[in-house]
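Only this structure's heavy atoms are used, side chains among them; waters, hydrogens and symmetry mates stay out.
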Amino acid sequence: MGKLIVRIKKKISNEIINFRHWYSYEIKLRRAVSNRGFTILASNCMGGIVYHSLKMPFLSPTVNLWMGEKDFQKFCFDIRYYVDRKLVFVESDKTFPVAELGEADKKITIYFMHYKTQKDAEEKWYERSKRINYDKLYIIATDIDLPEEDVRKWSQMKCSNLVVFSDKDYEDISYTFKLRRVNRYVMDYYKRDYGLRNVEYVFDFAQFLNKY
């Protein structure tokens with residue numbers, strides 16, 4: 001009985017948080033974002049979260065998956081090459097599908113952590129790859145495991161807008177944004193207080209997406 005009460009309280013708490021996020025953030029975000037038909041390329045879940053908050057179609061293959069930042073940078077700099085390649089699923093110690101894409105020094109690894117089967121991951125990857133709007137690319141990256149020279153390399157990327165989240169002060173790099181790092185692999189994106197994720201308190205996604 002005690003465990004049931006705990007589960008019920010947790011469910012109610014989650015519903016309250018979800019309602020606060022919808023009421024205090026999502027409605028305002030949808031009103032503020034005037035741009036439409038854009039592709040968000042993200043190395044982690046943030047792209048999908050933004051699309052979901054906006055109730056917009058996923059015009060990007062990088063939803064519900066993640067890549068290491070070096071691989072993500074390779075992908076962004078040569079998108080058409082990668083979306084024309086066939087996913088090769090590989091054995092791993094993960095509980096979700098993992099695939100490689102590209103050949104030789106172009107090979108990258110993609111972790112489909114929100115997919116249960118290779119079939120689902122494959123279908124969504126190819127389906128969403130066809131939706132990419134190359135004229136309205138928005139990139140969300142981090143500097144995790146990236147040397148400074150690679151952070152600066154992002155300046156060569158031609159896209160509508162770009163942000164690289166970092167826990168460092170790159171005062172002379174306009175596309176970086178300082179955000180606390182939780183550990184070696186995770187930025188302070190996802191924890192929610194009073195309905196908002198930490199990144200939503202400090203970063204203006206509407207301003208970011210309205211630039212084109």
Legend entry - salt bridge (charged side-chain N to carboxylate O under 4.0 Å, His left out) partners of residues 60-72, not counting sequence neighbours, each pair once: Lys70-Asp150

Aromatic [Y] / basic [X] pairing, under 6.0 angstrom, 45° off normal:
{"X": "Lys136", "Y": "Tyr212", "answer": "yes"}
{"X": "Arg85", "Y": "Tyr81", "answer": "yes"}
{"X": "Arg80", "Y": "Tyr134", "answer": "yes"}

Legend entry - From CA spacing to verdict: side-chain contact (heavy atoms from CB on, under 4.5 Å), Ile140, Leu162: CA-CA 6 Å; Ile140 300 174; Leu162 162 71; over 6 Å; no

Inset, instruction - Please step through side-chain hydrogen bond (donor to acceptor under 3.5 Å, both in side chains) for the pair Asn161 and Tyr175, ending with a clear verdict. - result: CA-CA 8 Å; Asn161 216 344; Tyr175 50 81; over 6 Å; no

Legend entry - Derivation and outcome, side-chain contact (heavy atoms from CB on, under 4.5 Å), residues Ile110 and Leu87: CA-CA 9 Å; Ile110 305 174; Leu87 289 170; 4.0 Å; yes

Indicate yes or no: does [X] engage [Y] in a salt bridge with an N to O separation below 4.0 Å.
{"X": "Lys168", "Y": "Asp143", "result": "yes"}
{"X": "Lys86", "Y": "Glu122", "result": "yes"}
{"X": "Glu103", "Y": "Lys106", "result": "no"}
{"X": "Arg131", "Y": "Glu127", "result": "yes"}
{"X": "Lys178", "Y": "Asp169", "result": "yes"}

Inset, instruction - Mind listing the closest non-hydrogen atom pair of Ala206 and Leu29 along with its distance? - result: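 Distance-wise, the nearest heavy atoms are N-CD1, 3.8 Å.
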
Inset, instruction - Verify side-chain contact (heavy atoms from CB on, under 4.5 Å) between Leu101 and Lys107, making sure each step is shown before the conclusion. - result: CA-CA 5 Å; Leu101 200 60; Lys107 185 179 292 184; over 6 Å; no

Legend entry - Separation of Asn198 CG from Tyr189 OH (nearest 0.5 Å): 12.0 Å

Legend entry - CG-NE2 distance between Asn64 and His114, expressed to the nearest 0.5 angstrom: 5.5 Å

Legend entry - Geometric class of the Tyr115/Phe112 ring pair [parallel <30°, tilted 30-60°, perpendicular >60°]: perpendicular

Legend entry - Mutual orientation of the aromatic rings belonging to Trp66 and Tyr111 [parallel < 30°, tilted 30-60°, perpendicular > 60°]: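 Correct class here is parallel.
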
Inset, instruction - Run the ring-centre check on Tyr51 versus Phe58 and record whether the distance is less than 6.0 Å. - result: yes

Legend entry - Centroid-centroid distance, Phe208 to Phe203, less than 6.0 Å: yes

Inset, instruction - Indicate whether the side chain of Asn133 and that of Thr39 have a donor and an acceptor atom separated by less than 3.5 Å. - result: no

Inset, instruction - Given side-chain contact (heavy atoms from CB on, under 4.5 Å), test Phe77 with Gln156 step by step and report yes or no. - result: CA-CA 9 Å; Phe77 271 88; Gln156 302 167 29; 3.9 Å; yes

Inset, instruction - Evaluate the criterion salt bridge (Lys or Arg N to Asp or Glu O under 4.0 Å) for residue pair Lys153 and Glu149; output intermediate values, then yes/no. - result: CA-CA 6 Å; Lys153 183 181 177 182; Glu149 62 183 297; over 6 Å; no

Inset, instruction - Kindly say whether Asp105 contributes a backbone atom to a donor-acceptor pair with the side chain of Lys74 at under 3.5 angstrom? - result: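 Yes, because the side chain of Lys74 sits within donor-acceptor range (under 3.5 Å) of the backbone of Asp105.
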
